[in-house]
Amino acid sequence: MILPRHLQADDPRFLALVHPLSDLERIATGFTWTEGPVWFGDHQCLLFSEIPSQRVLCWREGEGVSVFRSPSQFTNGNTRDRAGRLVYCRHGPRDVVRTEYDGSLTVLADSFEGRRLNSPNDVVVTSDGAVWFTDPTYGIISNFEGCRAEPEQSSRNVYRLGPDGRLTAVITDFTQPNGLVFSPDETRLYVAESGQSHDSSVPAVIRLFDLAGGQVMDAGIFATLDQGFPDGMRVDEAGNLWTSAFDGVHCFAPDGTRLGKILVPERVANLAFGGPTGHTLFITATSSVYRVFVDTRGAEPWTHGS
Ligand code: MG
């Protein structure tokens, strides 16, 4: 089969997930560093972060891009909880916050053991209402994506904020944890290691953690990237993992086999499923946002569309 130039199939299973007639479409451009895409089906729009310009932007079919929030305090990762509320990470105040129905802001976490967090990067909310997020130092390493500061934490952790309000450092041995995502049944947690950004000796891996027993158990390396290091990731309803990479989006089967790639002409930072029927993959890639039709949908039920 002749595939379009933006598709690379490493395994026949990939051809069931993408359509050979699908196009890679650049739907917005002119930005510095795009991140944190999240789909709002109830508004038929995509929110995404433009971190250095301190803006959260809104893209809508036929209307293009408008400013959703500015200044955004260097907002990075965005998600929704099961009640539909926007939950997001801010490098400026170094916190994880939630927008309530009335527009007010609730700070969910800004410190651990009495010391400020580094700069929360990406966040996901599980079905029990727990908020899981990563806390690397990208927002305090320089003034590009935040405000330069000395870390107060001795490590760069993955945290879980339980429904009871208790904040726990559940994984503490990352160089720089970044994107994180759960399997559809929430028994597996995938976390991107992006420490190669400042230390070339750090392997570009996605680590797997087993949650079946109620504990976070290290299950080893799920996958190693061959082009750059991973940042944002999403899982589809069949459990395949879609990760950002320097040459595009890589898709891995639940057993770690790479199924294929969507090649993007810019470095990819993050991605999100959405669109009117849930079959669109939105890709934030450096100066632009792209979309591509995929023949699957995200694991998050609120991205499925109608
Ligand atoms: Mg990130």
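Keep in mind that the numbers below use all heavy atoms, side chains included, and drop hydrogens, waters and symmetry copies. Both counts, for ligands and for their atoms, begin at 1 and track the order of listing. What you see is a predicted model, and the numbers here were worked out from it, not measured in a lab.
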(message) Run the side-chain contact (heavy atoms from CB on, under 4.5 Å) test on Glu63 and Gln44 for me, step by step, so that the C-alpha distance in whole Å, both residues' side-chain angles and the decisive distance to 0.1 Å come before the verdict.
(response) CA-CA 11 Å; Glu63 295 182 14; Gln44 290 294 299; over 6 Å; no
Whether [X] has an N, O or S atom under 2.8 Å from the Mg ion (ligand 1):
{"X": "Asn178", "answer": "yes"}
{"X": "Asp231", "answer": "yes"}
{"X": "Asn121", "answer": "yes"}

(message) If you consider just the N/O/S atoms, which atom of Glu35 is the closest one to the Mg ion (ligand 1)?
(response) OE2
(request) Compare all side-chain heavy atoms of Phe273 with those of Glu300 and state whether any distance is below 4.5 angstrom. (result) no
(request) If the plane angle is over 60° it's perpendicular, under 30° parallel, otherwise tilted; pick one for Phe252 and Phe222. (result) perpendicular
(request) Let me know which of Tyr290, Phe31, Phe282 forms a ring-ring contact (aromatic ring centres under 6.0 Å, His included) with Trp59. (result) Phe282
